[in-house]
Amino acid sequence: MLDTLDISIQKVPSSRINEVDFDNIPFGKVYSDHMFIADYEDGQWSDLRIVPYANLSMAPASSVIHYGQSVFEGLKAYKNNDGEAVVFRPDANAKRLNRSAERMCIPEVPEELFMQAMTELLKVDKDWIPNKENTALYIRPYVFAMDDYIGIKPSEKYRFMIITCPVGAYYSEPVKVKIETEFTRAAKGGTGYAKAAGNYAGSLYPAKLAQKQGYHQLVWTDATEHKYIEESGTMNIMFVINDTLITPEASSTILKGITRDSVLTLARDWGMKVEERKISITEVIEAAKNGTLQDAFGAGTAATIAHIKLIGHEGVDYTLPPIEQRAFSNKVLKAMDAIKLGEAEDKFDWIYKF
Ligand code: COI
């Protein structure tokens with residue numbers, strides 16, 4: 001455990017908070033007053049600072065711009081029913097950031113640095129944590145390469161930053177997804193398990209094509225045969241078939257989602273049958289056809305649980321059971337909310353208070 005770190009704080013002269021309509025918060029467009037920055041040089045993180053949220057100045061040759069050496073995280077802070085600020089499983093995000101960083105040749109951010117930076121930033125901007133239903137303060141930690149060098153090699157300089165933004169729902173309605181059998185999000189041995197910026201850039205074009213066909217998002221399949229389900233959009237994907245919760249097993253192509261882990265943990269705790277395994281497109285389509293597909297949803301930090309209302313495959317759309325009949329996804333969403341709000345016991349130690 002590191003000692004308390006020396007983080008300088010420069011506050012805004014006047015807050016922008018009164019300009020924000022907390023009754024109508026879009027996702028990811030409104031940023032809190034401050035941000036955290038640390039710089040990495042000569043093998044260490046230094047100049048830890050909280051400063052007003054503002055544009056960055058960087059060299060036009062900065063390697064992140066050219067080669068995408070960058071990783072990020074996403075987590076959320078809430079106000080519980082007693083008005084206390086809480087963060088959901090930040091230790092898991094701190095660990096995952098470093099798994100992603102290792103894959104992208106980015107230096108580790110010590111967990112204590114991550115936790116203290118996040119905590120101090122939240123203390124400064126705690127009034128930005130919204131308290132209405134289905135809202136949260138989205139926390140975005142990220143690390144990127146800063147070398148002013150256009151050759152290709154791991155950068156020597158990096159920046160670790162955290163910005164935060166009050167958010168409402170990520171999807172305004174249950175989603176229509178298309179099973180993607182041409183393009184690939186991640187291949188074995190690639191960067192799919194890392195929260196690497198480039199993974200998201202590469203997903204945009206196939207998603208745009210699906211959106212033109214009327215879908216909200218894609219269901220990604222394996223890169224080799226396009227036979228097995230992998231993820232949905234930027235989320236993990238889960239199905240309930242014949243009362244069994246099924247999700248693709250974690251692998252080098254699948255992000256080990258923290259919401260994914262929370263859902264699986266709760267399901268197992270409730271005695272539900274849970275399977276982390278390969279799941280073929282055929283299995284899902286057959287289940288949709290014969291009525292054994294009871295539930296399908298994406299699980300991720302931004303959306304929490306995104307109900308899937310329709311699955312498109314080879315030009316055929318399969319409509320899934322009405323959302324109000326989805327016993328599992330509705331129950332697990334409620335259970336996670338209850339833990340965050342302090343209405344239910346935090347028996348897995350997921351809630352961080354400061
Ligand atoms: C998250 O769920 O936090 C994500 O990574 C989605 C993000 C790309 C908005």
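Worth knowing before you read on, the calculation uses all heavy atoms, side chains too, and leaves out hydrogens, waters and symmetry mates. Start at 1 and go down the list; that is how both ligands and their atoms are numbered.
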Novice: May I ask you to say whether Glu286 pairs ionically with Lys289, meaning some side-chain N is under 4.0 Å from a carboxylate O?
Specialist: yes

Novice: Is Asp261 paired with Arg89 through a side-chain N to carboxylate O contact shorter than 4.0 Å?
Specialist: yes

Novice: Going by side chain to side chain contact (heavy atoms under 4.5 Å, CB included), name the residues that satisfy it together with Asp33, two or more places apart in sequence or in a different chain.
Specialist: Val12, Ser15, Arg16, Asp125, Trp128

Novice: For ligand 1, list all ligand N or O to protein N or O distances below 3.5 Å, rounded to 0.1 Å.
Specialist:
residue: ligand 1; atom: 2 (O); partner: Thr301; partner atom: N; Å: 3.2
residue: ligand 1; atom: 2 (O); partner: Ala302; partner atom: N; Å: 2.8
residue: ligand 1; atom: 3 (O); partner: Tyr138; partner atom: OH; Å: 2.6
residue: ligand 1; atom: 5 (O); partner: Lys195; partner atom: NZ; Å: 2.5

Novice: Filter on side chain to side chain donor-acceptor pair (under 3.5 Å), then keep only pairs touching residues 310-325, sequence neighbours left out; what's left?
Specialist: Tyr215-Asp317

Novice: Do the side-chain N and O atoms of Tyr142 and Lys195 include a donor-acceptor pair separated by under 3.5 angstrom?
Specialist: no

Novice: Under the side chain to side chain donor-acceptor pair (under 3.5 Å) rule, what pairs show up with a residue in residues 48-60, not counting sequence neighbours?
Specialist: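 Applying side chain to side chain donor-acceptor pair (under 3.5 Å) to every pair that reaches into residues 48-60, excluding sequence neighbours, yields Asp39-Arg49, Asp47-Arg49.
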
